**Student:** 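Let me begin by handing over the structure; questions about it come next.
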Number of protein chains: 2
Amino acid sequence: MATEAGKKRLQMADIARLAGVSVSTVSRALAGNLAINAETRGRIVELARSLNYSINIGAQNLRLQKNQTIAVVVPYDAKVRQHISDPFFLSLVGALADALTDRGYDMLLSRVDADSLDSAAALVEGGKAIGLVVVGQWRHHDQLNALAARRLPLVVWGGQLARQLYCSVGGDNVMGGLLATRHLLGLGRRRVLFAGDARLPEVDLRREGWRQALREAGIEPDPALELMVPFEAIGARARFDERMALGVDFDGLAACSDLMAVQAVQALRAAGHTVPGDVAVVGYDDMPIATYTEPPLTSVHQPVLLAGEELVEALLAQLRGEAVAPRTLPVHLVTRASAPAVAAA
Amino acid sequence: MATEAGKKRLQMADIARLAGVSVSTVSRALAGNLAINAETRGRIVELARSLNYSINIGAQNLRLQKNQTIAVVVPYDAKVRQHISDPFFLSLVGALADALTDRGYDMLLSRVDADSLDSAAALVEGGKAIGLVVVGQWRHHDQLNALAARRLPLVVWGGQLARQLYCSVGGDNVMGGLLATRHLLGLGRRRVLFAGDARLPEVDLRREGWRQALREAGIEPDPALELMVPFEAIGARARFDERMALGVDFDGLAACSDLMAVQAVQALRAAGHTVPGDVAVVGYDDMPIATYTEPPLTSVHQPVLLAGEELVEALLAQLRGEAVAPRTLPVHLVTRASAPAVAAA
DNA sequence: ATGAAAGCGCTAACAC
DNA sequence: GTGTTAGCGCTTTCAT
């Protein structure tokens with residue numbers, strides 16, 4: 001258990017001395033440089049291995065002007081630690097770890113205060129990382145634009161907006177809202193509540209989908225059916241309870257996350273309503289949890305693994321100097337009991 | 001969206017030239033060295049800020065022999081990507097990110113192939129990180145000992161074992177198994193199935209708790225009631241289905257994760273049994289999901305946030321040269337409908 | 001109060 | 001083939 005500092009770390013000079021050669025020879029041997037005599041090379045490599053020597057990456061990077069570290073930034077609202085609890089973002093971080101590791105990059109994970117998002121820039125400008133993946137655009141469109149204006153290699157998970165200087169990768173939010181609402185309308189529901197915080201671009205786009213679906217069905221969207229619900233569970237439940245207290249004048253509900261949908265179900269039941277009988281509910285993200293709830297949730301599936309890959313690819317392309325357009329990933333609806341495939345008889 | 005390389009990054013020499021002073025003055029000014037004339041200092045700092053200059057951390061670290069990066073390693077089984085999906089480990093990673101950020105450390109997140117765990121050592125030996133947090137000990141006790149033998153600053157999330165050279169921090173697994181089983185016995189259940197892969201140390205310890213509880217109640221543990229169930233969902237469900245097919249000769253079930261418990265519930269119902277009527281079920285971890293399932297799960301709560309803090313503190317203590325003993329964190333039982341507080345009448 | 005110079009651990013011309 | 005030398009961008013004696 002003890003781990004005192006002990007003798008200082010081995011370096012190339014030590015290996016060189018022990019092998020009776022110069023540092024440059026060691027450097028070359030370790031790099032597999034063919035100019036070095038195979039015998040010498042083998043001896044050096046073997047020596048280094050047996051001594052458990054490993055090259056100092058910091059020094060190597062400095063010399064080579066190279067760096068294989070990507071910073072993944074989770075904006076963090078000082079009040080609500082939402083990023084840390086929402087399963088979707090946690091999975092996305094996992095997917096990013098996979099995608100980066102697969103490609104031989106290191107991932108620096110950091111939480112940054114959303115209000116000083118540009119402190120993330122220091123990670124790149126200070127040379128810790130060569131590029132930035134921001135997990136969620138939240139309400140920071142302008143700050144993200146500012147980052148992009150500083151010409152940082154940057155990708156953001158989120159929706160595509162007007163006047164956007166940065167590269168975004170996100171699910172097809174309009175389509176998601178559309179699919180959810182269309183499905184509810186197909187079930188014969190006519191008054192569909194949209195739940196989510198529309199100040200967030202992704203939510204705003206989903207609401208746009210909700211509106212489109214309603215208009216397709218000849219229904220004019222009713223602002224009274226837009227409910228501002230936060231992503232975080234406690235707040236969401238409270239918001240739903242308030243709304244239910246005003247009367248349940250809707251028969252369908254489209255939520256912006258699965259957690260939110262679950263809170264809605266519980267609030268509805270607490271108010272004496274049935275799901276999907278009185279109100280059919282659709283969630284968002286289609287996390288594993290959607291399978292386990294009662295009733296299981298119909299939900300808009302977002303491709304998390306693909307998202308990780310696409311974010312990384314977009315960033316790497318920028319690093320290669322390519323221009324990268326924002327990208328929207330397909331979503332689809334997964335039907336379960338909370339809003340079944342066919343209306344109950 | 002384009003982000004071509006453009007002009008190379010600003011460095012101290014540039015600031016020095018622009019300010020008409022030497023690099024050393026800039027270095028001192030930026031470090032807030034009081035030896036520098038307040039006026040000059042202010043001017044330099046201001047210039048640097050306005051030019052968006054930030055110091056090259058790599059070079060600084062090299063010179064200062066300093067490093068503030070901790071590597072968090074998620075062992076990864078090439079076949080089953082369990083780490084990436086299990087909510088408990090994802091939350092733990094989140095908690096670690098918080099704890100490290102709070103203390104001013106950077107977190108390098110990497111997935112490493114479980115079979116070559118010691119490749120993680122390269123992260124420290126190569127100077128990328130100064131210490132290692134391994135998320136889960138899995139079946140790698142010996143490899144972890146080998147890492148510790150290399151005198152790497154190292155902390156592992158997991159149980160405390162015999163002949164353990166590394167520092168571990170973990171939940172009280174014996175107590176967890178004990179509480180779960182005792183609760184089931186208190187409900188009048190007599191045949192309690194233990195579900196989990198006992199090759200994993202944590203699971204093995206929980207099973208020990210299961211045995212203890214049974215013996216307390218004067219019941220001899222029946223090996224036929226130990227079921228080898230993997231953590232990953234699909235495999236778990238299959239394993240439960242197989243077992244149910246052999247007959248449900250038990251009235252209580254203690255699972256090693258909430259996901260596992262949910263799979264058990266579904267398998268039981270598919271086989272025509274009720275929960276908690278025929279079989280009362282207890283989960284493990286008490287993740288948010290436990291609240292949302294039907295029935296909500298009684299579960300052994302593990303303190304995730306505290307876990308993150310303790311892991312980090314243990315590692316930092318090692319880095320300060322202190323000897324650090326393994327640590328076991330308290331767990332407690334949270335009672336919900338899957339194994340209610342009182343037996344149904 | 002400021003500058004010159006050496007060096008952190010490594011690599012890559014350029015010599016021989 | 002291998003050694004010598006000059007940096008990568010920074011900090012810090014040691015002078016002045």
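Proteins come first, then strands; the chains are lettered A, B, ... in the order of their sequence lines, and each starts at number 1. Note that the structure is a prediction, hence the values are computed from the model and not measured.
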**Student:** Atom CD1 of Ile36(A) to atom C1' of dA12(C): distance rounded to whole Å?
**Tutor:**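 My rounded result for the distance is 12 Å.
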**Student:** Quick one: is Thr25(A) getting a side-chain N or O under 4.0 Å of the dT2(D) phosphate, OP1 or OP2?
**Tutor:**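 Negative; the distance criterion is not met.
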**Student:** Nearest whole angstrom, please: distance from the C1' of dC8(C) to the NZ of Lys66(B).
**Tutor:**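 In whole Å, dC8(C) C1' and Lys66(B) NZ are 14 Å from each other.
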**Student:** Checking all strands, does Val23(A) fall into the base, sugar-phosphate, or nothing category for heavy-atom contacts under 4.0 angstrom?
**Tutor:**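 No contact.
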**Student:** dG9(D), OP1 or OP2 - any side-chain N/O from Tyr53(B) closer than 4.0 Å?
**Tutor:**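 For Tyr53(B), the contact criterion (side-chain N or O under 4.0 Å from OP1 or OP2 of dG9(D)) is not met.
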**Student:** Separation of Gln11(B) atom CD from dC8(D) atom P, in whole Å?
**Tutor:**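 Answer to the nearest Å: 7 Å.
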**Student:** Does a side-chain N or O of Gln60(B) approach OP1 or OP2 of dT11(D) to a distance below 4.0 Å, or not?
**Tutor:**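 Yes, such a contact exists.
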**Student:** Can you tell me how far P of dC10(D) sits from CZ of Arg17(B), to the nearest Å?
**Tutor:**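 Interatomic distance, CZ of Arg17(B) to P of dC10(D): 13 Å.
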**Student:** Report yes if a side-chain nitrogen or oxygen of Gln65(B) is closer than 4.0 Å to either non-bridging phosphate oxygen (OP1 or OP2) of dG7(C); otherwise report no.
**Tutor:**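 So the side chain of Gln65(B) is outside the cut-off, no N or O lying under 4.0 Å from OP1 or OP2 of dG7(C).
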**Student:** Are Tyr105(A) and Leu316(A) packed together at the side-chain level, in the sense that at least one heavy-atom pair is separated by less than 4.5 angstrom?
**Tutor:**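 Yes; the side chains approach each other to less than 4.5 Å.
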**Student:** Could you tell me how far apart Glu39(B) (CD) and dA1(C) (C1') are, to the nearest whole angstrom?
**Tutor:**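 Atom-to-atom, Glu39(B) to dA1(C), this comes out as 12 Å.
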**Student:** Establish, with yes or no, whether the OP1 or OP2 oxygen of dA4(C) is under 4.0 angstrom from a side-chain nitrogen or oxygen of Ser22(B).
**Tutor:**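 So the side-chain polar atoms of Ser22(B) never come under 4.0 Å of the phosphate oxygens OP1 or OP2 of dA4(C).
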**Student:** Is the distance between the ring centroids of Trp138(B) and Phe89(B) less than 6.0 Å?
**Tutor:**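 Between Phe89(B) and Trp138(B), which both carry aromatic rings, the centre distance is below 6.0 Å.
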**Student:** Under 3.5 Å, is there a donor-acceptor pair between the Gln137(A) and Tyr166(A) side chains?
**Tutor:**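 The criterion, which ignores hydrogens and geometry beyond distance, is satisfied for Tyr166(A) and Gln137(A).
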**Student:** Going by modelled atom types, is there a donor-acceptor pair between the base of dG3(C) and the side chain of Arg28(B) at under 3.5 Å?
**Tutor:**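 Under the 3.5 Å cut-off, the side chain and the base do form a donor-acceptor pair.
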**Student:** Below 3.5 Å, does any donor atom in the side chain of Arg63(B) face an acceptor in the base of dG9(D), or the other way round?
**Tutor:**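 No such pair is found, so the answer is no.
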**Student:** Compare the minimum distances between each of dG3(D), dC10(C), dC10(D) and the side chain of Ile55(A), then state the nucleotide with the smallest one.
**Tutor:**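 That would be dC10(C).
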**Student:** Could you state the CD1-C1' distance from Ile57(A) to dC8(C), rounded to the nearest angstrom?
**Tutor:**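 Computing the Ile57(A):CD1 to dC8(C):C1' distance gives 16 Å.
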**Student:** At 4.0 Å (heavy atoms only), tell me whether Leu62(B) reaches a base, stays on the sugar-phosphate, or touches nothing.
**Tutor:**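 Base, at least one base atom sits under 4.0 Å.
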**Student:** dG9(C) P sits how many Å from Ile15(A) CD1, rounded?
**Tutor:**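 Distance check: Ile15(A) CD1 to dG9(C) P gives 13 Å.
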**Student:** Check every strand shown and say whether Ser24(A) touches a base, only sugar-phosphate, or nothing at a heavy-atom separation below 4.0 Å.
**Tutor:**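 Since a base atom lies under 4.0 Å of Ser24(A), the category is base.
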**Student:** In plain terms, say whether Glu125(B) and Arg150(B) are close enough for a salt bridge, that is, a side-chain N and a carboxylate O under 4.0 Å apart.
**Tutor:**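 Salt bridge present between Glu125(B) and Arg150(B).
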**Student:** In terms of the nearest nucleotide of DNA chain C, which residue is placed more toward the 5' end: Asn37(B) or Leu64(A)?
**Tutor:**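 That would be Asn37(B).
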**Student:** Nearest-Å distance, CG (Leu34(A)) to P (dT2(D))?
**Tutor:**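 In whole Å, dT2(D) P lies 13 Å from Leu34(A) CG.
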**Student:** With a 3.5 Å cut-off and no angle check, do the side chains of Ser27(A) and Ser24(A) form a donor-acceptor pair?
**Tutor:**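 Side chains of Ser27(A) and Ser24(A): no pair found under 3.5 Å.
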